[in-house]
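Structure first, commentary second.
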Protein chains: 2
Amino acid sequence: MKAGPDIAMIASLVGDPARSNMLTALMTGRALTASELAQEAGITPQTASSHLSKLEAGGLIEPEKQGRHRYYRLTGPDVAGVLEGLAGLAARAGHMRVRTGPKDPALRRARICYDHLAGDLGVQMLDSMKRQKLVRAGKQAIELTGEGKRFMAESLQIDTDSLSHPRRPVCKACLDWSERRHHLAGTLGAAMMARFTELKWAARDEAPGSRVVNFTRTGEKRFAALFGNGEA
Amino acid sequence: MKAGPDIAMIASLVGDPARSNMLTALMTGRALTASELAQEAGITPQTASSHLSKLEAGGLIEPEKQGRHRYYRLTGPDVAGVLEGLAGLAARAGHMRVRTGPKDPALRRARICYDHLAGDLGVQMLDSMKRQKLVRAGKQAIELTGEGKRFMAESLQIDTDSLSHPRRPVCKACLDWSERRHHLAGTLGAAMMARFTELKWAARDEAPGSRVVNFTRTGEKRFAALFGNGEA
DNA sequence: TTCATAGTTCGATGATAGCCGAAGCATTGG
DNA sequence: CCAATGCTTCGGCTATCATCGAACTATGAA
């Protein structure tokens, strides 16, 4: 009865270091080629190919052929959500990968979590939104208030009525692994991050696979004006 | 390379079928003993012990010693959340799994835990005793109040002064197998159960090895009068 | 005390699965 | 056509790890 492939099947897919490296590389939301993923995982293309077909069979990633290349991306935000959840558990247990690079502080400050803002600034933003009563945080769900809708329209030119999605909530609390607190996910979180990019307040790091988000000087100011934490 | 939580470490823990069976068994919120988890996973106790220590080291479960038993539970709702997320991904990929059948309802309602009452009624009894201030529940210990002593003498003809025992506390909170909450153990718990039997309010099931406790109709009424939870 | 039960540790075994070298398709460009 | 690139398949090697038998510790019961 329990021999069937269940959550162990999926978890074992993520449980291999090479595969988990590929998956975390895909958490930026961008699609990467098989070779790039192989390099990301530190393995040969042959081995990577085997891993990628397994991940595809497990429904975690999906391919898109483009000429000689084969681009892979996560099949959906829910996959990224589970990965982020696993990262949270790992962080809580103190199982960090010890390789600390120069990008580490930047990664903690602001990074992409699939398609929305995470890190210190992401947590700060949600905190501020709660303080300003732009969102109402219930036990599980987060809800946008009327004031929040006005705020989004006036300050960020985001039409919140167009954010409804059949398989994804507008607001969602996503556990931040570095801060161990929640930041804002969902279609609103994604839309806000996209707006930040459009406004040239912030941009993803150019390095391929990097999840770091760099804020411009003016972007940081505007962001602080809207979502500052009131500290000196 | 990259810095970050080692999600492969956590995922590989869940990735083993035996361990994932244990974890899903714990997702009900109940705490289970090592043997029960072994049976749930269909493995020997030796193997289960190895798995359990790994899960504990990974911060996914935590033990609670209770006499000869060792109860394990998930360390928090976030663990259950990640497991649920993984189950969602597995379901989406078409990897469904057959759920295990429900346990004996009578066993859940009332049973013997060593020598005292456990199950729904056992938990209900301790709850009611707290509400009526018959006992004072501290962080770890439970203490009988003066009012509690009077109650025991008048309503159940139990001389609480004679319950002292060199190696056993009078009152003790015991984690309930099915309710995942505490019921009353200790010499008082044993004395109360013995009294219920004497008064023919309840009797142990005749089937050998059965832990089920059957309440008589009048016994149930009297019990409810003393320890009813106020519901209709 | 002696016995029984719950759980752990140790050691050996066996199967799974990651890994890479070499060769095989497929696509693009000349 | 041929050559180069991106990726996959095949075969064999190796290491990891789940598994269980046996022995050991600890708690409770008689």
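A, B, ... follow the sequence lines: proteins, then strands. Residue 1 opens every chain.
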Atom pair distance, as rounded to whole Å: [atom1] in [X] and [atom2] in [N]:
| X | N | atom1 | atom2 | result |
| --- | --- | --- | --- | --- |
| A:Leu37 | D:dT8 | CG | P | 11 Å |
| B:Glu64 | C:dA6 | CD | C1' | 16 Å |
| A:Leu55 | D:dT8 | CG | P | 12 Å |
| A:Arg19 | C:dG18 | CZ | C1' | 9 Å |
| A:Leu52 | D:dG6 | CG | C1' | 13 Å |

Which residues pass the salt bridge (Lys or Arg N to Asp or Glu O under 4.0 Å) test with [X], sequence neighbours left out?
| X | answer |
| --- | --- |
| B:Arg195 | B:Glu198 |
| A:Glu64 | A:Arg73 |
| A:Asp115 | A:Arg168 |

Report the residues that fulfil side chain to side chain donor-acceptor pair (under 3.5 Å) with B:Glu220, sequence neighbours left out, ordered by chain and then residue number.
->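 For B:Glu220 the side chain to side chain donor-acceptor pair (under 3.5 Å) partners, ignoring immediate neighbours, are B:Arg109.
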
Could you run through nucleotides 19-26 of chain D and give me one letter per nucleotide, 5' to 3': B if any protein heavy atom sits under 4.0 Å from the base, S if only the sugar-phosphate is that close, - if neither?
-> SBBB----

Under-4.0 Å side-chain N/O to phosphate OP1/OP2 contact, A:Arg70 with D:dT8 |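 Checking A:Arg70 against D:dT8: at least one side-chain N or O falls below 4.0 Å of OP1 or OP2.
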
Only pairs at least two apart or in different chains count here, so list each salt bridge (Lys or Arg N to Asp or Glu O under 4.0 Å) that has a residue in residues 46-61 of chain B.
->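 Sorted pair list: B:Glu56-B:Arg70.
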
For A:Thr33, which contact category applies under a 4.0 Å heavy-atom criterion: base, sugar-phosphate, or nothing?
->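 It contacts sugar-phosphate atoms only.
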
When we call it a touch if two heavy atoms are under 4.0 Å apart, what does A:Tyr72 touch: a base, just sugar-phosphate, or nothing?
->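 A:Tyr72: backbone/sugar contact only, no base atoms under 4.0 Å.
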
Measure up the A:Phe215 and A:Phe196 rings against each other and bin them: parallel (under 30°), tilted (30 to 60°), perpendicular (over 60°).
->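 Judged by the thresholds at 30° and 60°, the geometry between A:Phe215 and A:Phe196 is tilted.
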
